[in-house]
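Notes to accompany the following structure.
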Amino acid sequence: MIKLNASVTDKTNFFNGSDPFDLAARYGSPLYVYNERILRRNCRDLAGMCGYPHFKVNFSAKANSNLAILQIVREEGLFVDAISAGEIFAELAAGFTSDEIFFVPNNISEDEMRFAIERGILLSVDSVSQLERYASLNPGGRVAIRFNPGVGAGHHEKVITAGENIKFGVNPEDIPNVKNIIRRYNLSLTGINQHIGSLFLEKTQYLKSMDALFDIAREFEDLDFIDMGGGFGIPYHKTEGQGRLDLKDMGDSLAERMTRFAGEYGKELTLMVEPGRYVSAEAGLLLGTVHAVKFNGPVKYVGTDIGFNVLARPVMYDAHHDVEIYRRDDLTSGKRECVNIAGNICESGDILAKNRLLPEILEDDLLGVLDAGAYGHSMSSNYNNRLRPAEILLREDNSVRLIRGRDTMEDLLRPYVKL
Ligand code: LLP
């Protein structure tokens, strides 16, 4: 086998000595491949980023809710957030206890609230109307509130989750209403939280939002925690040498501000962060197969099995993922060319990479789509009745473990009821 454009996986020894062709033959293509060593390292980097003594990291499981991934994250001492009862269900199955799960939903039903209440899981509400609904179900209970700090950030407007014209969070102007409901229902407000958006590579907006959250915190007595949310970015343009978020520097700034605020507040509040992408993105790679190569007019199309049902990010957010090329035999042409890499979904927008300058790609090559461990499989679907891929884990001892089977044809039909 030869590898082209593969400086990243070569450097990280991503495949641990496994051969991508063997993996694809054994588990099918497309295939999500995770590296345990990288996943654990990311968890440790996050856990150690901030010297504030009461610092907690909650993995945002929407990035990747595979049970084995959750188990490893738990072994590394991280806690989790959840956006839905389904995520809570998976997290409990992975071994997290109720007090290690923070439920941060948006616009949920009473049934979903009860699901958390019955299990003793702390819930954060993000509107006054949801607060009142929750209060009526759980008077005298604990609650957290997600505020909109008025500052947003993120790689695409669809994932900026605070600031103006955003569906999330309680606006600070509603604090009098919030206080009123808390008093009437004798609730205990244990924490306030925010999430300003997803993927930033520098700290300015995050720190600005922290100051806004402190202002909100001053309005409430006896909070136990402040949760800053996630959003820590990773460099998707690795082959161009894009720089990393300086975690340590971010952690130092958080610690300094939090220590100062805790002193003023008169209580050693817990500081929480909620990263998803940073934990799992770089630990995952998506393997796919090139089934066709053709020109349509001047444009060369590389036709693969990586449709947007498998990886939605490029189509949904115009997101960039670096691509490596693996070839069974040494047929290197040395040519570089500009290509569109397409999937097999019945839409012309089904393009994984546009106008990408890469070494010439041939039929039967495998492609390695980098940084696919977050919002990859968790956003995949059965559109076009395609099977969601298997997921495998390259373990630290170099063994390979199947951690999610590929869907079967029977899986596709299971929920349906024929007339
Ligand atoms: N906490 C809350 C309340 C969130 O809504 C999110 C992400 C996170 C934490 C974790 O954010 P992260 O650290 O992963 O950036 N599908 C998009 C990202 C959507 C993020 C939604 N919320 C993507 O593929 O870029």
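All values below come from the heavy atoms of this structure, side chains included, with hydrogens, waters and symmetry mates left out. First listed ligand is number 1; within each ligand, the first listed atom is number 1.
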Show the atom names and distances, to 0.1 Å, of all donor-acceptor pairs under 3.5 Å that link a side chain in residues 166-178 to residues at least two apart or in another chain.
from: K167; atom 1: NZ; to: N106; atom 2: OD1; distance (Å): 2.7
from: D174; atom 1: OD1; to: N177; atom 2: ND2; distance (Å): 3.2

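Checked against the 6.0 Å centroid criterion, the rings of F59 and F79 do not qualify as a close aromatic pair.
A side-chain N or O of N382 and one of D407 form a donor-acceptor pair less than 3.5 Å apart.
Every side chain to side chain contact (heavy atoms under 4.5 Å, CB included) that R142 has, sequence neighbours left out, goes to L122, S188, T190. Under the side-chain hydrogen bond (donor to acceptor under 3.5 Å, both in side chains) criterion, K11 pairs with no residue at all, not counting sequence neighbours.
The two residues L46 and V57 have their closest heavy-atom pair at O-CG2, 3.8 Å.
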Show me a pair-per-line table, with atom names and distances to 0.1 Å, of protein N or O atoms that are under 3.5 Å from an N or O of ligand 1.
from: ligand 1; atom 1: 1 (N); to: E274; atom 2: OE1; distance (Å): 2.6
from: ligand 1; atom 1: 13 (O); to: G231; atom 2: N; distance (Å): 2.8
from: ligand 1; atom 1: 13 (O); to: G276; atom 2: N; distance (Å): 2.9
from: ligand 1; atom 1: 14 (O); to: G276; atom 2: N; distance (Å): 3.4
from: ligand 1; atom 1: 14 (O); to: R277; atom 2: N; distance (Å): 2.8
from: ligand 1; atom 1: 14 (O); to: Y375; atom 2: OH; distance (Å): 2.6
from: ligand 1; atom 1: 15 (O); to: S198; atom 2: OG; distance (Å): 2.3
from: ligand 1; atom 1: 15 (O); to: G231; atom 2: N; distance (Å): 3.4
from: ligand 1; atom 1: 16 (N); to: Y317; atom 2: OH; distance (Å): 2.7
from: ligand 1; atom 1: 24 (O); to: R313; atom 2: NE; distance (Å): 2.6
from: ligand 1; atom 1: 25 (O); to: H155; atom 2: NE2; distance (Å): 2.7
from: ligand 1; atom 1: 25 (O); to: R277; atom 2: NH1; distance (Å): 3.3
from: ligand 1; atom 1: 25 (O); to: R277; atom 2: NH2; distance (Å): 2.9
from: ligand 1; atom 1: 25 (O); to: R313; atom 2: NE; distance (Å): 3.4
from: ligand 1; atom 1: 25 (O); to: R313; atom 2: NH2; distance (Å): 3.0

